[in-house]
Protein chains: 2
Amino acid sequence: MTVATGQCCAPIAREPLSETDAAELAVLLKAVADPVRLRLLSMIGSHSGGEACVCDLTDAFDLTAPTISHHLKVLRTAGLIDCERRGTWVYYWIIPAAVARLGALFTPLAEPATT
Amino acid sequence: MTVATGQCCAPIAREPLSETDAAELAVLLKAVADPVRLRLLSMIGSHSGGEACVCDLTDAFDLTAPTISHHLKVLRTAGLIDCERRGTWVYYWIIPAAVARLGALFTPLAEPATT
DNA sequence: CTCCTGATTCGATGCCGATCTAAATGATAG
DNA sequence: CTATCATTTAGATCGGCATCGAATCAGGAG
């Protein structure tokens, strides 16, 4: 990523993206450019406690467990969520910084992403 | 409810997205989830005057004119850009509201400086 | 140890999208 | 009318992706 902290314009409209930056961002965006993954992300993020068990997620879809698992892996590989096994069940939660980074891409007057 | 990660609520994490909302948003996101279209959007938005001629865009890529035209159409169909013919050339510009809507999806509503 | 259940991984399939070539169309300047 | 810029269309190839069923792994429970 080129240095772009606290600007007046959306980073995407500030200067032309390099080929590598664009490729990198496209990977991130592809991860969320899917109805199922969007809903998963939303369900995880809005779940009480900030985390959700896979068993809670699977029921909401008309998809098999392997498919849900696949989508969760895509989100996890993209760095948008993380998970932990606790006993029998696996819990997922959102990584806020990653989501915020997506938002900053398209948002004017980006706040300084304190990390 | 205090979440361990201390995030504020991006719209995506406020409540579970409906199936239709997710599908609709995925269409928008798919439009930007491509390296070429991301660069096109960025080049258009960052171009002096806020608009760019197709002839300026095509040279920056190693792609044929029909392919560039195709990507521009995808962005235009998604409502992210618009265009106008002036004489010989066609100029494109970004529709800020559409980009901002994308940003809002992933951006926390208000930041009470929780550092 | 053995069985059951939850979750992931694996291998295969079928579809969608990015890209090209080639050609046609439309719009405009000279 | 002709040349140029841009879009469109059609046909074709190629890779990636969503999905499934079956196998596998990881932990309780008996």
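Being a predicted model, the structure only gives us computed values, none of them experimental.
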Trainee: For residues 56-64 of chain B, which side-chain N or O atoms pair as donor and acceptor with protein atoms under 3.5 Å away, sequence neighbours left out?
Mentor:
{"unit_1": "B:Thr58", "atom_1": "OG1", "unit_2": "B:Val54", "atom_2": "O", "d": "3.0"}
{"unit_1": "B:Thr64", "atom_1": "OG1", "unit_2": "B:Thr67", "atom_2": "OG1", "d": "3.0"}

Trainee: Pairs of donor and acceptor atoms involving the side chains of residues 89-96 of chain B, under 3.5 Å and at least two apart or interchain, shall be tabulated with distances.
Mentor:
none

Trainee: Check the distance between C:dA7's P and A:Leu75's CG and give it to me in whole angstrom.
Mentor: 16 Å
Trainee: Let me know, please, whether A:Thr88 or B:Arg76 comes out on the 5' side of the other along DNA chain D by nearest nucleotide.
Mentor: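 It is B:Arg76 whose nearest nucleotide is closer to the 5' end.
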Trainee: Could you work out the complete set of other residues in the hydrophobic cluster of A:Val74, with links drawn between I, L, V, M, F, W and Y side chains under 4.5 Å apart?
Mentor: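 In the cluster with A:Val74 there is nothing else; it is isolated.
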Trainee: Students often get this wrong, so: under 4.0 angstrom with heavy atoms, is A:Cys83 touching a base, only sugar-phosphate, or nothing?
Mentor: nothing
Trainee: Send over the distance from B:Leu72 CG to D:dT8 C1', rounded to a whole Å.
Mentor: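 Spelled out: CG on B:Leu72 to C1' on D:dT8 is 13 Å.
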Trainee: Closest approach of A:Ala104 and B:Thr107, non-hydrogen atoms and distance?
Mentor: N-OG1, 4.4 Å
Trainee: Roughly how far, to the nearest 0.5 Å, is the CG atom of A:Leu40 from the CG atom of A:Leu72?
Mentor: 5.0 Å
Trainee: Round to the nearest Å and state the distance from A:Arg86 atom CZ to D:dA26 atom P.
Mentor: 19 Å
Trainee: Return the polar atom pairs (N/O with N/O) between nucleotides 11-16 of chain C and the protein under 3.5 Å, or none.
Mentor:
none

Trainee: Between atom CG in B:Leu38 and atom P in C:dA18, what is the gap in whole Å?
Mentor: 13 Å
Trainee: OH of A:Tyr91 versus P of C:dA7: gap in Å, rounded?
Mentor: 9 Å
Trainee: Which residue pairs pass the side chain to side chain donor-acceptor pair (under 3.5 Å) test with at least one member in residues 69-80 of chain A, sequence neighbours excluded?
Mentor: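 Counting only pairs at least two positions apart or across chains, the side chain to side chain donor-acceptor pair (under 3.5 Å) contacts touching residues 69-80 of chain A are A:Arg37-A:His71.
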Trainee: What nitrogen or oxygen pairs link the protein and nucleotides 18-25 of chain D at under 3.5 Å?
Mentor:
{"unit_1": "D:dA18", "atom_1": "OP1", "unit_2": "A:Arg37", "atom_2": "NH1", "d": "3.3"}
{"unit_1": "D:dA18", "atom_1": "OP1", "unit_2": "A:Arg37", "atom_2": "NH2", "d": "2.8"}
{"unit_1": "D:dA18", "atom_1": "OP2", "unit_2": "A:Arg37", "atom_2": "NH1", "d": "3.3"}
{"unit_1": "D:dA18", "atom_1": "OP2", "unit_2": "A:His70", "atom_2": "NE2", "d": "3.3"}
{"unit_1": "D:dT19", "atom_1": "OP2", "unit_2": "A:His71", "atom_2": "NE2", "d": "2.5"}
{"unit_1": "D:dC20", "atom_1": "OP2", "unit_2": "A:Thr64", "atom_2": "N", "d": "3.1"}
{"unit_1": "D:dC20", "atom_1": "OP2", "unit_2": "A:Thr64", "atom_2": "OG1", "d": "3.0"}
{"unit_1": "D:dC20", "atom_1": "OP2", "unit_2": "A:Thr67", "atom_2": "OG1", "d": "2.8"}

Trainee: What donor-acceptor contacts under 3.5 angstrom involve side-chain atoms of residues 19-26 of chain B, with partners at least two apart or in another chain?
Mentor:
{"unit_1": "B:Thr20", "atom_1": "OG1", "unit_2": "B:Ser18", "atom_2": "OG", "d": "3.2"}
{"unit_1": "B:Asp21", "atom_1": "OD2", "unit_2": "B:Ser18", "atom_2": "OG", "d": "3.4"}

Trainee: Under the rule for side chain to side chain contact (heavy atoms under 4.5 Å, CB included), what residues qualify as partners of B:Ala33, not counting sequence neighbours?
Mentor: A:Leu29, A:Lys30, A:Ala33
Trainee: Just the rounded figure in Å: distance from C1' of D:dC5 to CG of B:Leu57.
Mentor: 13 Å
Trainee: Output the rounded distance in Å from CZ (B:Phe61) to C1' (D:dA6).
Mentor: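 Result: 16 Å.
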Trainee: Could you state the atom-to-atom distance from CH2 of A:Trp89 to C1' of C:dC4 in whole Å?
Mentor: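 Going from CH2 in A:Trp89 over to C1' in C:dC4 covers 13 Å.
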Trainee: With sequence neighbours left out, which residue pairs that include part of residues 40-54 of chain B fulfil the side chain to side chain donor-acceptor pair (under 3.5 Å) condition?
Mentor: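 Found B:Glu51-B:Arg86.
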